[in-house]
Chemist: 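My questions will all concern the structure given below.
Convention: sequence-line order gives letters A, B, ...; per-chain numbering from 1.
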There are 2 protein chains.
Amino acid sequence: MGILLRQPRTGYDVVKDLQSFRPANASQIYPILAKLEQHGYATFEIQAQTARPDKKLFKLTESGKAALARWLDTDPEPPVTRDDFLSMLFSAWSKGPDAIARLLWHRKRFLNRYEQDLRAKYQALVTNFPADCDDPHNARFSSTLLYRRRIGLVAEELRWCEESITTLEKVSDI
Amino acid sequence: MGILLRQPRTGYDVVKDLQSFRPANASQIYPILAKLEQHGYATFEIQAQTARPDKKLFKLTESGKAALARWLDTDPEPPVTRDDFLSMLFSAWSKGPDAIARLLWHRKRFLNRYEQDLRAKYQALVTNFPADCDDPHNARFSSTLLYRRRIGLVAEELRWCEESITTLEKVSDI
DNA sequence: TCCCGCATGTAACGGGTTACATGATTGC
DNA sequence: GCAATCATGTAACCCGTTACATGCGGGA
């Protein structure tokens, strides 16, 4: 399952870490961690805290690391996306060019915000840990690759949005 | 739900049409069509066929069209993707640069095939119906926008794959 | 001969989301 | 005073997938 125990983390932390590229919510993660523990793939230490529920700090066992390594050798499934925007665009012609333009503008705003966010995080990563990011044996190397990918894709979709808006303008007011 | 009744279609056709941008399978579509019919959003005519089960040709009612128009006025949810490849890449550092390269090559091959397929379909569309594709009141206009988007994104990810492979080579054999 | 395409569905299962339950601390 | 952050979980539900059931015609 969503195995991302680079470092020991609590369930709560795992949810946050996954957020960026494989969203899942708490009520899903906790049962999974419990199951991993039952199968011997992970163990946890309890850290008592005052004024908060006790933390369960999970970490992978050797057997868990082996299972992850095996999974890495399998071929990944083709990606699946669901995106209401695309479905709407598919039917938007029925309401005319204005509706299409509205959708595109909406998407553009969304992408702009998203891009800024990504760039900020990426910048923070490479300025704080420049050495790690260049070392392919380091976890942060993987992270930089993933950031660069997302940034490139978002920039491309943004380009597409603008292109589409201009063609729409050209076509509809001639 | 997946409302894409541009023209009257059978359940079987709907599944195929959706394939490209919002995959769903037959056992999901049939109950949905039945529900649409119960709610008065769609009706069907039965076309008897010899040697095959009778066709149920569904089409949207006025009330169905109105519902679709209302949906088009709502703001789309942010997109969700799940992609094993990304999860694997995230952990691939643990197995070293070769594992990362292997993943990237695998993805590259996948994207190459996908890109060819998309370009072929896009070409077919614009050569067969050049006028429709330029008319924003026509359904095929929406389709061309969607194709251009997908093609751009796939090309960008391909570029990223190649870039990543070369940085990996540079970094690991110096 | 066997698989693919056409054409419809039902039943069981599994993964994911939403809602609920608890509770102290910190900042607006 | 209210929301957000930290921290754990359970229960119900929905959406989607897999497997099953049926059956003929055409191409490899």
Side-chain angles (χ1 to χ4, degrees), chain A residues 1-5 7-39 41-59 67 71 74 76-84 86-87, chain B residues 1-5 7-39 41-59 71 76-84 86-87:
Chain A
M1 260 306 145
I3 317 184
L4 109 141
L5 307 177
Q7 324 126 22
R9 301 298 264 169
T10 66
Y12 187 86
D13 292 329
V14 171
V15 173
K16 283 204 302 180
D17 289 351
L18 282 172
Q19 206 61 18
S20 58
F21 75 107
R22 219 296 196 175
N25 62 33
S27 49
Q28 212 185 335
I29 296 302
Y30 289 115
I32 289 173
L33 287 172
K35 206 175 281 182
L36 286 178
E37 198 259 318
Q38 278 168 26
H39 291 343
Y41 293 148
T43 48
F44 62 87
E45 280 170 40
I46 292 175
Q47 293 189 332
Q49 292 189 127
T50 54
R52 272 183 218 292
D54 294 349
K55 273 187 185 182
K56 281 188 177 181
L57 201 67
F58 285 87
K59 63 178 162 191
W71 178 64
T74 64
E77 300 285 303
V80 197
T81 29
R82 35 211 66 215
D83 190 343
D84 279 357
L86 300 180
S87 307
Chain B
M1 255 308 143
I3 316 182
L4 109 143
L5 307 178
Q7 325 127 23
R9 302 298 263 169
T10 66
Y12 187 85
D13 292 329
V14 171
V15 173
K16 282 204 303 180
D17 289 352
L18 282 172
Q19 206 61 21
S20 58
F21 75 106
R22 219 299 195 177
N25 63 32
S27 49
Q28 212 184 336
I29 296 302
Y30 289 116
I32 289 173
L33 287 172
K35 206 174 281 183
L36 286 178
E37 199 259 319
Q38 277 170 27
H39 291 343
Y41 293 149
T43 49
F44 63 86
E45 282 170 39
I46 291 175
Q47 293 189 332
Q49 293 189 126
T50 54
R52 272 183 219 291
D54 295 349
K55 273 188 185 182
K56 283 189 178 181
L57 201 67
F58 285 88
K59 63 178 161 190
W71 178 64
E77 299 286 303
V80 196
T81 29
R82 34 211 67 217
D83 190 343
D84 280 357
L86 300 180
S87 306

Chemist: Compare all side-chain heavy atoms of A:Arg82 with those of A:Val80 and state whether any distance is below 4.5 angstrom.
Modeler: yes
Chemist: How many Å lie between CG on A:Leu57 and C1' on D:dT8, as a whole number?
Modeler: 14 Å
Chemist: Expressed in angstrom and rounded to an integer, what is the separation of B:Lys16 atom NZ from C:dC4 atom P?
Modeler: 16 Å
Chemist: Roughly how far, to the nearest 0.5 Å, is the OH atom of A:Tyr41 from the CZ atom of A:Phe58?
Modeler: 16.0 Å
Chemist: Spell out protein contact along nucleotides 9-14 of chain C as letters: B when the base is contacted, S when just the sugar-phosphate is, - when no protein heavy atom is under 4.0 Å; keep the 5' to 3' order.
Modeler: BBB---
Chemist: Relative to the 5' end of DNA chain C, which residue comes earlier, B:Asp54 or A:Lys35, by the nucleotide with the nearest heavy atom?
Modeler: B:Asp54
Chemist: Report yes if a side-chain nitrogen or oxygen of B:Arg82 is closer than 4.0 Å to either non-bridging phosphate oxygen (OP1 or OP2) of C:dG15; otherwise report no.
Modeler: no
Chemist: Determine: side-chain N/O of B:Gln49 to OP1/OP2 of C:dA7, distance under 4.0 Å, yes or no.
Modeler: yes
Chemist: Whole-Å distance between C:dT25 C1' and A:Lys55 NZ?
Modeler: 14 Å
Chemist: Can you check whether B:Ile29 reaches B:Leu18 side chain to side chain, under 4.5 Å on heavy atoms?
Modeler: yes
Chemist: Just how far, in rounded Å, is P of D:dG16 from CD of B:Gln19?
Modeler: 14 Å
Chemist: Whole angstrom is fine here: how far is it from CG in A:Asp17 over to P in D:dC6?
Modeler: 12 Å
Chemist: For B:Ser27, enumerate each residue passing the side-chain hydrogen bond (donor to acceptor under 3.5 Å, both in side chains) test, keeping only those at least two apart in sequence or located in another chain.
Modeler: B:Asn25
Chemist: Give, for atom CZ of A:Arg22 and atom CG of B:Asp84, the distance between the pair rounded to the nearest 0.5 Å.
Modeler: 7.0 Å
Chemist: What is the distance, rounded to the nearest whole Å, between atom CD of B:Glu77 and atom P of C:dT17?
Modeler: 12 Å
Chemist: Please report, rounded to the nearest Å, how far the C1' atom of D:dT8 is from the CG atom of A:Leu33.
Modeler: 11 Å
Chemist: Would you indicate which nucleotide in C:dA24, C:dT8, C:dT18 comes nearest to any side-chain atom of A:Arg52?
Modeler: C:dA24
Chemist: Taking the side chain as everything from C-beta on, heavy atoms only, tell me whether A:Asp13 gets closer than 4.5 Å to A:Thr10.
Modeler: yes
Chemist: Send over the distance from B:Ile29 CD1 to C:dA7 C1', rounded to a whole Å.
Modeler: 14 Å
Chemist: Assign A:Arg9 to base, sugar-phosphate, or nothing according to its heavy-atom contacts below 4.0 angstrom with the strands shown.
Modeler: nothing
Chemist: Measuring from atom CZ of B:Arg9 to atom CG of B:Leu57, what distance do you get when rounded to the nearest 0.5 angstrom?
Modeler: 9.0 Å
